> 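Can you keep this structure in mind? I'll have questions shortly.
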Amino acid sequence: MPSIKVAILGFGTVGEGVYRILNERKEDIQQETGHTIDIVSILVRDTAKKRLVTPGTKITNDIQEILSDPDIDVIFEAIVGEEPAYSYLVEAIEKGCHVITANKMMFAKRGSALVKHAEAHGVQVRYEATTAGGVPIIRTIMSLLPADRVRRIRGILNGTSNFILTKMREEEIPFQAALYEAQQLGYAEADSTDDVSGKDAFRKLMILSALAFGRQPDWQDVPIVGIDGVTTEAVQDASKGKLRYRHVAEICIDENGVLRGSVGPVLIGSDHPLHGVDGIDNAIIVDTDHLGSLTLIGPGAGMYPTGSAMVGDFLQIIGKREPAVIS
């Protein structure tokens, strides 16, 4: 049985999730694809740090130990930040590796260039995990595009901000108290600025824009408003009117081909598809010419949802084994 050799760049929550899923589903993947999976290397910053035991896998802080290995077929990238992740992936592509990334900060800005670079070298870049964790929005839009035209995308793209707004409404607590609870539960980082300011949702929106419309609006033309200005009183007043605050990211294209985007708190009524989406869930509504409106809902972050999205991309790359023909 042929072996697929992979490396993981970054071993935080997401990287560990990929490792765990590949090991837990090893036999299933063998049966589905006809390949064994060998995790040969993991890149970390500090090799001395205590972490999950990974027998048979090299732990290294030297990217060249990975990129110089001619046997590696696929690289999972789960590093935070634009660099050095982008440079690592460019070099990996030039070495003939397929690339799977969860790095929204890098991909929002450099994704199109990375995809073109991969096409020129005959490999694939997959990025389902950059946008909404366990919600398969990238594959959904890719499947729609050949026969339909996307007109608008809107939704809740950040589980942290949605959790905070949910807690503010359900428990009638102020923003800071809800944020603290999110941090204690692991739903928010110690520095949660990107989540609550809307920058995280904005980056995801730009990734979706590039996919659905082939381009992004000028970033400076997209207003971004966070949730830190939403007060307990405003949330309670909205509830009395059967309205709920949602942190909504939206991108649409008008009849003249102009892209318009926004990120900010929005009041929605009980008849809206996003009204019942609480906690850390994400939800995305895609409006198209022919299908109409399609809504996808699911967990937006975490070890297993994001790791599962990356492993799903991996299975798309290596493909399923052809079923035996019974005569």
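Small disclaimer: the values here were computed from a predicted structure and weren't measured.
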> Quick one: which of Asn158, Asp194, Thr130, Thr131 gives a side chain to side chain donor-acceptor pair (under 3.5 Å) with Arg203?
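Between Arg203 and the candidates, side chain to side chain donor-acceptor pair (under 3.5 Å) is satisfied uniquely by Asp194.
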> Can you confirm whether Asn103 sits close enough to Tyr86 that some side-chain heavy atom of one is under 4.5 Å from a side-chain heavy atom of the other?
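Not touching, per the 4.5 Å side-chain cut-off.
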> Less than 4.5 Å apart, side chain to side chain, heavy atoms only: is that true for Ile251 and Arg152?
no
> Does the Asp281 side chain pair with the main chain of Val277, one donor and one acceptor, at a distance under 3.5 Å?
no
> Could you grab the distance from atom CZ of Arg215 to atom OG of Ser209, nearest 0.5 Å is fine?
7.5 Å
> Could you walk me through whether Tyr304 and Glu24 satisfy the side chain to side chain contact (heavy atoms under 4.5 Å, CB included) test, starting with their C-alpha distance in whole Å, then the side-chain angles of each, then the deciding distance to 0.1 Å, before giving a yes or no?
CA-CA 12 Å; Tyr304 283 101; Glu24 290 168 9; 3.1 Å; yes
> Dump the intermediate steps for side chain to side chain contact (heavy atoms under 4.5 Å, CB included) on Tyr19 and Phe76, then the final yes or no.
CA-CA 10 Å; Tyr19 178 87; Phe76 292 87; over 6 Å; no
> Ignoring hydrogens and geometry, is there a side-chain-to-backbone donor-acceptor pair from His98 to Gln124 under 3.5 Å?
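Yes, the answer is positive, given that a donor and an acceptor are paired below the 3.5 Å cut-off.
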> Please tell me if the side chains of Lys240 and Asp237 come closer than 4.5 Å, counting only heavy atoms from C-beta onward.
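SC-SC contact between Lys240 and Asp237 confirmed.
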> To the nearest 0.5 Å, what is the distance between CD1 on Ile317 and CD1 on Ile100?
4.0 Å
> Check for a donor-acceptor pair, side chain of Thr166 on one end and backbone N or O of Asn162 on the other, with a separation under 3.5 Å.
yes
> Testing the basics here: between Ala178 and Met168, what is the closest heavy-atom pair and its distance to 0.1 Å?
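That would be CB-CG, 3.9 Å.
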> For the CE atom of Met106 and the OH atom of Tyr88, what is their distance to the nearest 0.5 Å?
12.5 Å
> Do Thr47 and Thr60 make a side-chain contact, defined as non-hydrogen atoms from C-beta onward lying under 4.5 Å apart?
no
